[in-house]
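Bear in mind the structure is a predicted one, so any value in this text is a computation, not a measurement.
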Amino acid sequence: LVDHFFESLASTRGAHGIAVLLGGEGSTDGVAGMQAVRNARGLTIVRHPSLCEAVEGSQRDVDFADLALTPGEIADHLERFIMDGREEDP
């Protein structure tokens with residue numbers, strides 16, 4: 001379900017898409033969709049693996065995401081992104 005949403009986001013919004021995945025407890029739903037958003041040059045953010053119970057699965061998410069942040073950092077980064085536009089090198 002999350003993959004389908006992110007894939008739709010990638011195809012409709014392209015580089016303007018923002019995908020945030022807060023999972024990490026072993027679920028893979030959202031991983032393929034995050035790849036689609038990243039391939040479309042959208043912004044991908046995951047919860048930092050130190051905050052997840054299943055670090056092994058979370059590390060896989062971090063490998064393809066632009067950023068791995070704490071929830072507070074995610075909020076701050078999204079605010080800057082929306083106000084200032086996408087950074088060249090996240």
Side-chain angles (χ1 to χ4, degrees):
L1 187 61
V2 178
D3 280 327
H4 180 71
F5 172 75
F6 285 158
E7 289 165 358
S8 177
L9 175 70
S11 69
T12 59
R13 301 298 298 158
H16 298 287
I18 302 171
V20 178
L21 188 62
L22 298 176
E25 284 78 27
S27 173
T28 59
D29 191 21
V31 174
M34 290 282 283
Q35 279 286 90
V37 171
R38 189 157 192 218
N39 290 343
R41 301 189 49 81
L43 176 65
T44 57
I45 303 173
V46 295
R47 181 170 49 165
H48 197 278
S50 66
L51 302 174
C52 300
E53 292 176 18
V55 175
E56 181 179 330
S58 301
Q59 187 59 48
R60 181 187 63 245
D61 297 348
V62 171
D63 290 342
F64 71 80
D66 294 312
L67 301 166
L69 306 170
T70 67
E73 292 170 335
I74 292 170
D76 292 342
H77 191 82
L78 288 175
E79 182 178 14
R80 285 192 310 273
F81 178 87
I82 292 166
M83 300 302 285
D84 301 333
R86 185 174 177 135
E87 302 167 359
E88 289 299 314
D89 293 312

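Looking only at distances, a side-chain donor or acceptor of T12 sits under 3.5 Å from a matching main-chain atom of S8. In this structure, D66 contributes its side chain and R38 its backbone to no donor-acceptor pair below 3.5 Å. A side-chain donor-acceptor contact under 3.5 Å links E73 to the backbone of T70. With hydrogens and angles disregarded, a donor-acceptor distance shorter than 3.5 Å links the side chain of R47 to the backbone of L22.
Atom CZ of F81 and atom CG of D76 lie 15.0 Å apart (nearest 0.5 Å). Separating the CG atom in L78 from the CE atom in M83 is a distance of 13.0 Å, to the nearest 0.5 Å. Interatomic distance, CG of N39 versus OG1 of T44, reported as 9.5 Å (0.5 Å rounding). With values rounded to the nearest 0.5 angstrom, L67 atom CG is found 11.0 Å from H48 atom NE2.
When all heavy atoms of G33 and E7 are compared, the pair lying nearest together is CA-CG, 3.9 Å. Nearest heavy atom pair, residue F6 against residue G30, reads CD1-O, 3.7 Å. When all heavy atoms are compared, the tightest approach of A10 to A40 is O-CB, 3.9 Å.
With contacts defined as side-chain heavy-atom distances shorter than 4.5 Å, the pair V37/L43 does not qualify. Between L21 and I45, the closest side-chain pair of non-hydrogen atoms is not below 4.5 Å.
Side chain to side chain, R13 and H16 fail the donor-acceptor criterion of an N or O pair below 3.5 Å.
Put simply, L1 and M34 are part of two different groups of oily side chains (I, L, V, M, F, W, Y) that touch within less than 4.5 Å, one to the next.
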